[in-house]
Amino acid sequence: MDTAEKTEVVLLACGSFNPITNMHLRLFELAKDYMNATGKYKVIKGIISPVGDAYKKKGLIPAHHRVIMAELATRNSHWVEVDTWESLQKDWVETVKVLRHHQEKLAAGSCDHPQSSPALERPGQKRKWTEQKQESSQKKPQEPKATGVPRVKLLCGADLLESFSVPNLWKMEDITQIVGNYGLICVTRAGSDAQKFIYESDVLWRHQDNIHLVTEWVTNDISSTKIRRALRRGQSIRYLVPDLVQEYIEKHSLYSSESEDRNAGVTLAPLQRNIAEAKHRQSTL
């Protein structure tokens, strides 16, 4: 298949990144290799979108630290970048809305591109034009299915896929939109039951063609939870996170027993919102 006939894809990873690890970065590489190897897709960009403080997850340190660490981790990447939009929102934002935001931003940028004039292409004008295009993309959201616009797909691990079954954590309509309108690229480990989980879910089974399961053959058990635990116990995290991230954590003394108690006893934002909405619906019946 010719490159021009391939569907361009942008990989979007949403999460706490508390802190970002080498495994988070590996997910992008694994997904990119898989999608490009199908011959149907061409991955053109990866986006890391740290969740905002309003998510209220236990042990979640302030968003500005998590954003800076993600930026340090991707400093040498030519295709993975960090987006701060989600982290700057006052209220928690559903994942489907983050997907929609980036799809509309791509659509608006695609519509703006043909309108560029030679005057804006002159030397010295490139940065100004880029800034104008970014501002315009935020003001003029377009329908996500515009012709020729790269497709945003949610990049995740098997744990996110399985979290769809946790009561009140996700809205069924959001899951339907995520897998139906955008699509999932789920990195799983050898022997994982991800395929079985899809089979047992009617909505996932219905949209299984839009769910790409990528097997992680080189096992990597690095997780943010294990990183934080090691830090609390004074153990080395070298080679588990990028060097610049380790230096930043040490410089700011980010993780401790005190930070792990942050938001302790607070209901996770999606659970709080979805339970409240469910009670409201019942009271109006």
Side-chain angles (χ1 to χ4, degrees), residues 10-34 43 45-53 55-88 95 98 154-163 185-190 192 214-264 268:
V10 172
L11 306 177
L12 173 67
C14 298
S16 299
F17 301 101
N18 187 40
I20 191 168
T21 72
N22 286 336
M23 185 57 208
H24 288 129
L25 302 176
R26 279 295 297 161
L27 292 180
F28 281 94
E29 298 295 331
L30 290 165
K32 181 181 181 182
D33 284 348
Y34 174 89
V43 175
K45 184 164 69 172
I47 299 175
I48 291 174
S49 179
V51 72
D53 294 336
Y55 187 54
K56 299 298 182 183
K57 187 175 183 179
K58 184 178 181 296
L60 189 66
I61 67 170
H64 72 275
H65 284 307
R66 293 182 284 109
V67 167
I68 291 173
M69 286 189 287
E71 290 174 340
L72 290 171
T74 56
R75 177 173 289 182
N76 295 325
S77 177
H78 66 278
W79 69 283
V80 180
E81 62 186 43
V82 181
D83 187 271
T84 61
W85 180 82
E86 181 182 2
S87 68
L88 293 174
T95 299
V98 182
L154 184 63
L155 172 62
C156 67
D159 54 342
L160 184 142
L161 186 71
E162 294 171 2
S163 75
I185 302 174
C186 180
V187 179
T188 68
R189 292 174 183 164
S192 171
V214 184
T215 301
E216 176 202 355
W217 295 108
V218 181
T219 304
N220 188 332
D221 286 327
I222 300 173
S223 71
S224 296
T225 300
K226 293 178 180 178
I227 296 295
R228 297 197 305 277
R229 182 184 299 129
L231 288 166
R232 292 197 305 275
R233 296 175 182 177
Q235 298 172 336
S236 172
I237 60 169
R238 190 167 178 80
Y239 308 121
L240 300 178
V241 301
D243 289 344
L244 291 177
V245 172
Q246 179 190 359
E247 292 171 10
Y248 186 87
I249 290 172
E250 292 174 350
K251 179 180 179 180
H252 297 276
S253 302
L254 291 185
Y255 295 103
S256 62
S257 297
E258 290 73 23
S259 68
E260 196 64 19
D261 286 335
R262 184 182 174 92
N263 295 322
L268 201 64

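Computed from a predicted structure; not experimentally measured.
One finds the OG atom of S223 at 7.0 Å from the CZ atom of R229 (value rounded to the nearest 0.5 Å). Note that CD1 of I227 and CZ of R232 are 11.5 Å apart. Values are rounded to the nearest 0.5 Å. Put simply, CD on E216 and OG1 on T188 are 8.5 Å apart, with the number rounded to the nearest 0.5 Å. With rounding to the nearest 0.5 Å, the separation of CG in L244 from OG1 in T74 is 10.5 Å. Within the model, atoms CE of M23 and OG1 of T219 stand 9.5 Å from one another, a figure rounded to the nearest 0.5 Å. Rounding to the nearest 0.5 angstrom, the gap separating the SG atom in C186 from the CG atom in D159 is 8.0 Å.
Looking at residues two or more places apart in sequence or on another chain, you find no side chain to side chain donor-acceptor pair (under 3.5 Å) involving N76. For E29, the side chain to side chain donor-acceptor pair (under 3.5 Å) partners are W79, not counting sequence neighbours. Not counting sequence neighbours, the partners of S163 by the side chain to side chain donor-acceptor pair (under 3.5 Å) test are W170. For the side chain to side chain donor-acceptor pair (under 3.5 Å) test, residues two or more places apart in sequence or in another chain that qualify with S49 are E86.
Counting all heavy atoms, side chain and backbone alike, I222 lies closest to N22 at CD1-CB, 4.4 Å. Minimum interatomic distance between V214 and L30 (heavy atoms only, all atoms of both residues): CG1-O, 3.9 Å. Taking every heavy atom of both residues into account, S224 and H24 meet most closely at OG-CE1, 3.3 Å.
Counting heavy atoms from C-beta on, the side chains of S77 and L25 never come closer than 4.5 Å. The shortest side-chain heavy-atom distance between I249 and P19 falls under the 4.5 Å cut-off. Side chains of L160 and L154 form a contact here, defined as non-hydrogen atoms less than 4.5 Å apart. V245 is not listed as a side-chain neighbour of T21, based on a closest heavy-atom distance of 4.5 Å or more.
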(request) Take I48 and F28, measure what side-chain contact (heavy atoms from CB on, under 4.5 Å) needs, and give me the verdict at the end. (result) CA-CA 10 Å; I48 291 174; F28 281 94; 3.6 Å; yes
(message) Please determine whether side-chain contact (heavy atoms from CB on, under 4.5 Å) holds for the pair V98 and W85, giving the CA-CA distance in whole Å, both sets of side-chain angles, and the decisive distance to 0.1 Å.
(response) CA-CA 9 Å; V98 182; W85 180 82; 4.2 Å; yes
(message) As a quick check of understanding, evaluate side-chain contact (heavy atoms from CB on, under 4.5 Å) for L268 and N263, giving each step before the final call.
(response) CA-CA 9 Å; L268 201 64; N263 295 322; over 6 Å; no
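With hydrogens and angles ignored, the 3.5 Å screen pairs no side-chain donor or acceptor of T84 with any backbone N or O of S87. When atom types are taken as modelled, the side chain of R228 and the backbone of N18 share a donor-acceptor pair closer than 3.5 angstrom.
Sorted by first then second residue, the salt bridge (Lys or Arg N to Asp or Glu O under 4.0 Å) pairs that include residues 240-257, not counting sequence neighbours, are R238-D243.
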Which pairs would a plain distance check flag for residues 55-72, meaning a side-chain donor or acceptor within less than 3.5 Å of a matching protein atom at least two apart in sequence or in another chain?
from: K58; atom 1: NZ; to: E260; atom 2: O; distance (Å): 2.9
from: H65; atom 1: ND1; to: Y248; atom 2: OH; distance (Å): 2.8
from: R66; atom 1: NE; to: I61; atom 2: O; distance (Å): 2.8
from: R66; atom 1: NH1; to: S16; atom 2: O; distance (Å): 2.9
from: R66; atom 1: NH1; to: V51; atom 2: O; distance (Å): 2.9
from: R66; atom 1: NH2; to: V51; atom 2: O; distance (Å): 2.9
from: R66; atom 1: NH2; to: D53; atom 2: OD1; distance (Å): 3.3

